[in-house]
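Structure record follows, encoded as structure tokens.
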There are 2 protein chains.
Amino acid sequence: MGTTQLEPVPEPKYQHLKTVIGQALDSEFAVGEILPNERELAARFGVARATLRQALEQLELEGRLQRRRGVGTTVAPPRVGVDVSTTQHSWPGAGDDGWQSLDSAVDVPPPAVARALETEAEERVHIVRRLRVSHGQPVAAELLYVPEGSVPGLTAIDAPAGPARARSVLRELHHLALEGQDRSVELGSARADDAKELDRLPGAPVLVVTTRYLSEGRTAAISVATYRADTCRLTFGDSVDLVMAS
Amino acid sequence: MGTTQLEPVPEPKYQHLKTVIGQALDSEFAVGEILPNERELAARFGVARATLRQALEQLELEGRLQRRRGVGTTVAPPRVGVDVSTTQHSWPGAGDDGWQSLDSAVDVPPPAVARALETEAEERVHIVRRLRVSHGQPVAAELLYVPEGSVPGLTAIDAPAGPARARSVLRELHHLALEGQDRSVELGSARADDAKELDRLPGAPVLVVTTRYLSEGRTAAISVATYRADTCRLTFGDSVDLVMAS
DNA sequence: CAGTGGTCTAGACCACACA
DNA sequence: GTGTGGTCTAGACCACTGA
């Protein structure tokens, strides 16, 4: 990254910086390599650190960089393709699909979820927490909301807290006939607890995948899965190995 | 938004601000309503404008706010559900699917696209530009890459530049048998030209939907569609009317 | 411990929308 | 014009990592 100055252009500095650094990443850096620190880079380009950071932020958003406090800024590997296609038409937790059950509790869901589940406000539901791991890295944290009416066979305390209880909820769910599901994807920012599971800071950009499971003519469960937007590419169909980076 | 001060907490100020403002949005503001300006808000909460902006940025990222230079900050309507399901199994531009053809040109595609198309580097392809409009608003800008080998019936200059030429490329494409398609979604930031079409600033967060169209055992075309992440929820299946806001 | 990125301040000026 | 959000500066201190 021999560049030292920016010529004046009728374009924000941080945007030009982003282009210049992006090109340097392609030509002069290998995946995993550590960049000079922010103060050094800012000085080299003759801008304030805040401006330099604005450029780095966008490059991180695009999955080109990875920044870790106390460590440094490294060149990110291409995004991992994660299959989220809905074609299997199966319940969550059926088979080994990369998800690990963490825990389950009974609580009042957020209002938006209650509305989608068509339950009474304040009505309690099972909330199963799961974590998806891909290539050894956590890529998604999920909250699965299951109304008690969907799993009538489940008695209050039939398993100790922890993975076992989560699995028992899923097992009950599998007794239902799955009639359909639909899915949506939107941008969000990580809540504090999800951020922790995903090894990111709170507020980090995430892709929120909401899935509605239909059975017996109603919504039997809702899954809200939070995927790391920096490292993941969600795939539908068999484009898992497609690489569109840069 | 009667709140005037933040109690000291072991949490970044901007994050606490985000919570406080977010709650105020739910309880005290209607969709479309204009918030006090940034200087006013910063003063009211006793923080620097930059800190206040960090909170607003995240709320905008989550689709709760909309900010326009020269105008102000308004409460955003719930995100629009946009169907991007792949189940129709049809070529782009077949039927009225909300896409408008803008133009078409012949040029060298970006390296990543060339790789996916399995064309020679430097080999020229048709590049069709389209715009997707939903509820009267532009929601996505698309670049559709079609190798000349996929549309052999198309002679060099068979239509004037503009929508007509774009449509003629699509028409040729429809002669092929579509054998399959796959799709992936990832986070990106808007390139300058897409940003303009989408009425956003360059660098705005977008959801990039990449679709590969397969015919005769090879990739016949690649579509890279850039959706506004602030206003869109991508839906697969029939969850178009599901609202998961807040 | 030293070095990194993360947060925060208090200013300044610019680009744009609208009356 | 005036008022808005967008960009930018030059500092400061904090939280975290790893030697």
Side-chain angles (χ1 to χ4, degrees), chain A residues 5-6 8-19 21 32-61 65-76 189-190 192 195-196 199-205 230, chain B residues 5-6 8-19 21 32-61 65-76 189-190 192 195-196 199-205 230:
Chain A
Q5 284 299 322
L6 306 169
V9 280
E11 172 189 52
K13 284 189 185 179
Y14 76 90
Q15 207 171 320
H16 189 219
L17 261 180
K18 193 181 124 181
T19 311
I21 298 176
E33 197 169 344
I34 301 178
L35 268 63
N37 71 53
E38 298 184 349
R39 290 157 180 90
E40 162 74 21
L41 282 177
R44 213 184 277 198
F45 288 110
V47 298
R49 190 174 154 221
T51 305
L52 185 267
R53 277 179 60 82
Q54 213 172 338
L56 295 187
E57 247 148 53
Q58 284 208 10
L59 287 168
E60 188 177 30
L61 197 79
L65 289 180
Q66 196 159 348
R67 300 192 289 173
R68 270 171 306 169
R69 168 154 51 181
V71 180
T73 302
T74 55
V75 181
S189 52
K196 200 178 168 194
D199 193 26
R200 295 258 62 197
L201 291 178
D230 56 343
Chain B
Q5 284 299 323
L6 306 170
V9 280
E11 172 189 51
K13 284 188 185 178
Y14 77 92
Q15 209 170 324
H16 189 219
L17 263 179
K18 194 181 124 181
T19 310
I21 297 175
E33 196 169 344
I34 302 179
L35 268 64
N37 71 54
E38 298 185 349
R39 290 159 180 90
E40 163 74 21
L41 282 176
R44 214 184 275 197
F45 288 110
V47 299
R49 190 174 155 223
T51 305
L52 185 269
R53 278 179 61 81
Q54 212 172 339
L56 296 187
E57 247 149 55
Q58 284 208 10
L59 287 168
E60 189 178 30
L61 196 80
L65 289 179
Q66 194 158 349
R67 299 191 290 172
R68 271 171 305 171
R69 166 152 55 182
V71 180
T73 302
T74 56
V75 180
S189 53
K196 200 177 168 192
D199 193 26
R200 296 258 60 197
L201 290 177
D230 55 343

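Residue numbers begin at 1 in each chain, while the letters A, B, ... track the order of the sequences.
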Report the residues that fulfil side chain to side chain contact (heavy atoms under 4.5 Å, CB included) with A/Asn37, sequence neighbours left out, ordered by chain and then residue number. A/Arg39, A/Glu40
Using whole Å, report how far CG of A/Leu59 lies from P of C/dG5. 14 Å
Could you state the atom-to-atom distance from CD of B/Gln66 to P of D/dG5 in whole Å? 13 Å
Find the distance A/Glu57:CD to C/dG6:C1' and express it as a whole number of Å. 10 Å
B/S/- along nucleotides 9-19 of chain C (protein heavy atoms under 4.0 Å) is B--BB-BBS--
Hits for side chain to side chain contact (heavy atoms under 4.5 Å, CB included) against B/Leu201, two or more places apart or cross-chain, chain-then-number order -> B/Arg69
Could you state the CG-P distance from A/Leu201 to D/dC16, rounded to the nearest angstrom? 9 Å
Going by salt bridge (charged side-chain N to carboxylate O under 4.0 Å, His left out), name the residues that satisfy it together with A/Glu33, two or more places apart in sequence or in a different chain. none
Provide, to the nearest angstrom, the distance between the CZ atom belonging to A/Arg200 and the C1' atom belonging to D/dC16. 14 Å
Rounded distance (Å) that lies between atom C1' of C/dT7 and atom CG of B/Leu17: 12 Å
For A/Arg67, salt bridge (charged side-chain N to carboxylate O under 4.0 Å, His left out) partners two or more places apart: A/Glu38, A/Glu57, A/Glu60
When rounded to whole Å, the CD to C1' distance for the pair A/Glu60 and C/dG5 reads 10 Å
Counting side-chain heavy atoms from C-beta on, which of D/dT7, C/dC8, C/dG5 comes nearest to A/Arg53? C/dG5
Between D/dC8 atom C1' and A/Glu38 atom CD, what is the distance in whole Å? 16 Å
If you write DNA chain C from 5' to 3' in dot-bracket form, with Watson-Crick or G-U pairs under 3.5 Å, [ ] for crossing pairs and | for pairs with another strand, what do you get? ||||||||||||||||||.
